[in-house]
Amino acid sequence: MTLRDAIAGKDVIVVCGAGGVGKTSVSAAIALEAATERKVMVVTIDPARRLASALGLQGGLGHAETEVKLPGDVHGSLHAAMLDMKTAWDELVDRHAPDRQTAAHIKSNVLYQGLSEHFVGSQGYMAMERLADLYDQGAYDVIVVDTPPTRSALDFLDAPKRMTDFVGGSLLRWAARPYTAAGKLGARAFNFTASPFLKVADRLLGSKVLEDLSEFVMDFQTLYDGFKQRAAQVLQLLESDRTAFVVVTTLEGPPFREAEFFVDRLVDERLPFAGLVANKVVPHEFADADPTGATEYARLALSVLGPIARRDAKRLDELHHRARVDIAAVPLFTQDVHDLESLRELARYVVGGSTRG
Amino acid sequence: MPPILDELFRRRVLWVTGKGGTGKSTMAAALALLAAERGQRTLLIDVEARGDAARFLDDGPSRYTPRQALPNLFHLALQPEEVLDEYLKVSVRMPRVYRIGPVNRVFDFIATAAPGVKEALIAGKVGFEDRAQSNGLPRWDTIVVDAAPSGQVLSHLRGPRTIQEIVQVGAIRNQTDWVREILEDPNRTGIVVVSLPEEMPVQETAELLQNAPKAVPTPVLGIIANRVVPAPDPDTARAIDAASDGPALDAARLFKDLADGQAPDLERLRTLGPPVAEVPFFGFEDHDLASTKTVAGALRDQ
């Protein structure tokens, strides 16, 4: 079974993997392939130019949804959007805040500004939020999500839970309590003897930061119900058979080990794992090639490509045993994906090319 | 000693960055190995705490305290939580009971949400090691930082400044002053960018070079172009194009095509400004001390 069969009829395709493995190109390739028959949206988090240049969007790609002009006989259509974190956070606050005044107050807080850039899993959460949003709109047949580059490819799976835990956390309320109480009275005189935490925090940060924190916590609590509902909805969608997870990896050490870990996790959590794409694979013909009589240049090439080909063959086998799904092996390309034609070539290997098992 | 390495090792602290997948950790380990070989007491710091640094030195996992892998060569890995804990213990003298459980998690939140705190803590730890002394002498001659990817490295280096914009008073404010003195001194600290002759890594390198001077006075000392494929000489190239199939020729043709594809990107890297060192594409099955030594050898031979 090819990856094309495995993702046929799915509404949501989540593409994940370590940084630098070609996840964005593979997402675009899957989207391009699906767009021959259906109306497809691909959402990416990476800087716009990557996807944009491959898709021929010369003006770059923004947070807004943009249609990609596809030549030839196409029944579907291809649309792309980038996830701009600042815009995504602002939209989220606008959506879940009880009123415009609260929303404006949250957005002006210095901690909010930091949070929107730095919160661990924030990109992952926003990608999921955007997915839920697009899914609700119902304007597209297929949504392809290119997951954010995180320290671990797993982070985004935990993002919705981490976010609701954070917003609803008793922890923050506890920490900010003496402030919130004072705040409600309209007083700005804080009781620094209230807890050892506050004494230390005050010494470290000064009261201005603590004041921002307590205001932030009070305001942010108002978003809790909206966040919680959304996170539950996203998880339900991800677990359903409407969704397919595709793991992309190269066969180099660190991404390969991360992919193994990720595959185990998807299987353990019974998430709809559809397939694996092994990118930049060195062809097997070089594994045991005989250099006798070859030119010096060919011998040099074989001395480099031979060991990598042997490694790749070994690791493809390991992945196959572990994942028990087909693996689309994409050979090492000699040029980056730079236009629709090269993206199509990539797509042939990704969704319909040589698979194993 | 070749000029580019001379220029790098004039500094005590080197921040090695690069886009994910370019071989940043390999290069950081190779540079640390070269410094140690020259007789410098060297510390390799992995700020992302992936624990991979140790793999490149055939040693056990890096931890928060320096661990010796080879003569003159030590390594440690930073977990943000541990940096925060050490900070609260050493600089704030916070009793242990408040450094565990919910209090610690609140600080963790502040360190995450307040712009610059996490970055400043990491920068502060690097500065702390730079100032560390043993028997009245600096503990390290050279510190090589396996730093954040190029998209985030500037916010790490800028961390202390960002903090000063937000935290107007308090202990943190005062402590950031000396960290800035170390990180922003162009004679003491420098940045090394690892790149590949491919479109996106080159683009990210160009952006870093454009943004760096606006963010920090710390100079970009050099670029390391990794996995460079040598082009064949013209006669060989013609023979490759003319000949029939077979694995050896296929390999030669793939190599030639890779070299052709890399040429414009390599050219662009060379025009960016800083000196470019080239490390060839090696056929490593995995990363270990042997592969790190091979890469270090290539850097030494520039």
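Residue numbers start from 1 in every chain, and the chains themselves are labelled A, B, ... in the order their sequence lines are given, proteins ahead of strands.
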**Message:** Tell me if a side-chain donor or acceptor on B:Thr17 pairs with a main-chain N or O of B:Ala148 at a distance below 3.5 Å.
**Reply:** yes
**Prompt:** Can you check whether A:Leu305 reaches B:Leu254 side chain to side chain, under 4.5 Å on heavy atoms?
**Reply:** yes
**Prompt:** Side-chain contact, heavy-atom cut-off 4.5 Å: A:Glu252 with B:His287?
**Reply:** yes
Thinking salt bridges, do [X] and [Y] make one under a 4.0 Å N-O criterion?
X        : Y        : value
A:Arg311 : B:Asp286 : no
B:Asp250 : B:Arg253 : yes
B:Asp265 : B:Arg268 : no

**Asked** chain B heavy atoms under 4.5 Å from A:Arg299: which part of the residue, side chain, backbone, both or neither?
**Response** neither
**Request:** Side chain from CB out, backbone as N, CA, C, O: work out which of these in A:Phe256 comes under 4.5 Å of a heavy atom of chain B, or both, or neither.
**Result:** neither
Residue part contacting chain A, namely of [X], when any heavy atom lies under 4.5 Å:
X        : value
B:Leu196 : neither
B:Pro230 : both
B:Ala237 : neither
B:Phe282 : backbone

Return the option, out of [options], with the maximum number of heavy-atom pairs under 4.5 Å with chain A.
options                      : value
B:Pro280, B:Ala259, B:Ala248 : B:Ala248
B:Gly21, B:Ala252, B:Pro149  : B:Ala252
B:Pro247, B:Gly261, B:Ala239 : B:Pro247

**Message:** For the interface with chain B, which of A:Gly293, A:Ala298, A:Pro283 has the highest count of heavy-atom pairs at distances below 4.5 Å?
**Reply:** A:Ala298
**Prompt:** Can you find a side-chain donor-acceptor pair between B:Glu199 and B:Gln203 that sits under 3.5 Å?
**Reply:** no
